[in-house]
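Lettering of chains follows the sequences in order, A, B, ..., and the numbering in each one begins at 1.
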Protein chains: 2
Amino acid sequence: MKSLVSKIESNLPQLSEAERRIGEYIIERPDAVPHMTTKELSEKSGVSEASIIRFCKSIGMGSFKTFKLALLKDVTLMDTNLTDFSVLQQKDSPYDLFHKIIHVNKSAIESCADSMDRKELAKAVEALKEAEKLVFFGVGGSSTAAVDAQYKFTKLGYHSITSLDFHYMLSLIPHLTEKDVFVAISTSGKTKDVLELSRFAKKRGAKVIALTNINKSPLYKEADIRLCTPNVEQDFRIGSISSRMTQLTVIDTLYMSMFHHIGEKVVQKYYDARKEMESLRR
Amino acid sequence: MKSLVSKIESNLPQLSEAERRIGEYIIERPDAVPHMTTKELSEKSGVSEASIIRFCKSIGMGSFKTFKLALLKDVTLMDTNLTDFSVLQQKDSPYDLFHKIIHVNKSAIESCADSMDRKELAKAVEALKEAEKLVFFGVGGSSTAAVDAQYKFTKLGYHSITSLDFHYMLSLIPHLTEKDVFVAISTSGKTKDVLELSRFAKKRGAKVIALTNINKSPLYKEADIRLCTPNVEQDFRIGSISSRMTQLTVIDTLYMSMFHHIGEKVVQKYYDARKEMESLRR
DNA sequence: TGCAGAATGAAATTAAATTTCGTAATATGA
DNA sequence: TCATATTACGAAATTTAATTTCATTCTGCA
């Protein structure tokens, strides 16, 4: 049995101008179409709504709705890896953007699997297991990951520190020892603040874990342990919205691994914290 | 990831009479439902059309249409039968966990599409367009999203504020006016700190946008605009690692929409900021 | 050149989804 | 116990989407 998309593809030559335009759009973005209305699809493919209906009939579907359902079924089974698309188009509505972002973020997380080195990950987990203090540092977009990590590891009972303030960090690092871990977060691996603090921490004897894009950046080279995130595409104008997702996925992994390790010991404390929270009704 | 049908099944006891009737019918004939209209389904299950809509919202879907699409996907996949998995198993290596987390986070982002209401999203974007000050507030795991949002909107040139400190926020809110927007972030929608500040902000006349799970929580009810995230499963011991991903996806959407709106005006400023950063070699 | 016939989109119509609103039932609390 | 919320629900109104109708344009051919 032929898939609906390939059926459209093979019917393309027989279709009229307007219908072919529709078909081409559908082939391009089959995953997006089931969520659309005739109006949207007509705008996207540059034809009238009436033509959409005619198109559906042409390829043997009773109605636009039936067609959408059939297409969704098709796409679900196909499990196609959709390739790229440009994030910004002038006519995009917020809802369009929303779906694009879902797609982009999903793919970003998916590609995490490619860039991660399993040995480095194991080393990172070992280092964390033995760590006394954990220091996270990232600036700009990477501060999100630092804040998140700090919160999570505090929940696990770690002495876990982060700050956005370079000078605060500067005053903190002299107190680090070989038992401590400094997690440097920088997508590019070139951020000067992050590099300087990493070097300083390393000089103090702390283990430096770099959470950075997979490339041979200074941070990558200088770190003791490298947790690499994929080189997700980024729009030069807006920066990457997705690199943060990849960083957080790695943080989640570290968190879950540590939870796994010390897990049962802290469960009771989680309960206590939650119960206390409830009694304070917060 | 639980299937939608089994999710409905387990939610059944919590639903009201009419909604339970609907749920029971869906469990009985899940394959038939995607092709039905609200009218048909209401007749089959012996309730009103309005209840159908309410049912969809109750189980975490933005609309009847998205529900049908999700159900179809579910039914389609049921044949190919992907089994779910529990996140924690004793033998899991960090690398195993990593892959599981990739999977879980991906699914969480994917299911964002189901819970988002397109009208509410449009309303949120409109509100942001006209806003003077933006205030973000979230505690615990939700603070990540607040921090991220604050950073992003500052980059866009907004007067954008967040803090983890309840008392700081308390002193800030009296200065809000009708022109300002307060974005309340709480997965459960019940966090007392968030609720109290939202109410206060609303009393001051600010527009309150809730970024919360789709459920009928106090925050959901009281907000002017509701941006709903899906009810991702969470381990009672570790809390949800994924709800943050869904929140960030919504933040990304708002950010991109605003960028889209005021976009070209700020591009030059982005360049300036980057050039300055480079000249400072940071 | 002018006519038949196909292709197309704008506007009208029909159908479906969603919201609003009033009522009844049930919980809450003084 | 009685007043007061709160909740659940369906009927009707409204909004939104799908489909049909119909006028216009284009194309090929006598």
In whole angstroms, the gap separating P of D:dA18 from NE2 of B:H35 amounts to 16 Å
Starting at NZ of B:K39 and ending at P of D:dA11, how long is that distance when rounded to a whole Å?
-> 12 Å
Would A:E110 and A:K106 count as a salt bridge (charged side-chain N to carboxylate O under 4.0 Å, His left out) if you check the C-alpha gap in whole Å, the side-chain angles of each, and the deciding distance to 0.1 Å?
-> CA-CA 6 Å; A:E110 210 160 35; A:K106 250 179 61 189; over 6 Å; no
Each nucleotide of nucleotides 20-26 of chain D classed B (base within 4.0 Å of a protein heavy atom), S (only sugar-phosphate) or -, in 5' to 3' order, makes B------
Near DNA chain D, under 4.0 Å by heavy atom, which residues of residues 18-26 of chain B?
-> B:A18
Calculate the interatomic distance between A:L41 atom CG and D:dA18 atom P; express it in whole Å.
-> 10 Å
Classify the nucleic acid contact of A:S42 as base, sugar-phosphate or nothing, counting any heavy atom under 4.0 Å across all strands shown.
-> nothing
NE2 of B:H261 to CE of B:M256: how many Å apart, nearest 0.5 Å?
-> 15.0 Å
Ignoring backbone atoms, test whether B:S48 places a side-chain nitrogen or oxygen under 4.0 Å from the OP1 or OP2 oxygen of D:dG10.
-> yes
In Å, rounded to the nearest 0.5 Å, how long is the span from CD1 of B:I225 to CG of B:L211?
-> 12.0 Å
Using the test salt bridge (Lys or Arg N to Asp or Glu O under 4.0 Å), find all partners of B:K202 that sit at least two apart in sequence or belong to another chain.
-> B:D224
Side chain of A:S51, backbone of A:E19: donor and acceptor closer than 3.5 Å?
-> no
For B:K179, enumerate each residue passing the salt bridge (Lys or Arg N to Asp or Glu O under 4.0 Å) test, keeping only those at least two apart in sequence or located in another chain.
-> none
Find the distance A:E17:CD to D:dG28:C1' and express it as a whole number of Å.
-> 17 Å
Separation of atom CZ in B:F55 from atom P in D:dA8, rounded to whole Å = 14 Å
Show every donor-acceptor pair shorter than 3.5 Å between a side-chain atom in residues 117-124 of chain B and any protein atom, with sequence neighbours excluded, or say none if there are none.
residue : atom : partner : partner atom : Å
B:D117  : OD1  : B:K119  : N            : 2.9
B:D117  : OD1  : B:E120  : N            : 3.4
B:D117  : OD2  : B:K57   : NZ           : 3.3
B:R118  : NH2  : A:E40   : OE1          : 3.2
B:R118  : NH2  : A:E40   : OE2          : 2.9
B:E120  : OE1  : B:R226  : N            : 2.7
B:E120  : OE2  : B:K123  : NZ           : 3.1

According to the interplanar angle, ranging from 0 to 90°, do the rings of A:H35 and A:H99 count as parallel (below 30°), tilted (30 to 60°) or perpendicular (above 60°)?
-> tilted
Are A:N105 and A:S242 close enough that a side-chain donor and a side-chain acceptor fall under 3.5 Å?
-> yes
Walking along DNA chain C from 5' to 3', note the first and the last nucleotide with an atom under 4.0 Å from a heavy atom of chain B, and give both.
-> C:dA16 to C:dT19
On the 0 to 90° scale, with breaks at 30° and 60°, tag the B:F153-B:Y255 ring pair as parallel, tilted or perpendicular.
-> perpendicular
Which of these passes side-chain contact (heavy atoms from CB on, under 4.5 Å) with B:T187: B:N231, B:N213, B:T212?
-> B:N213
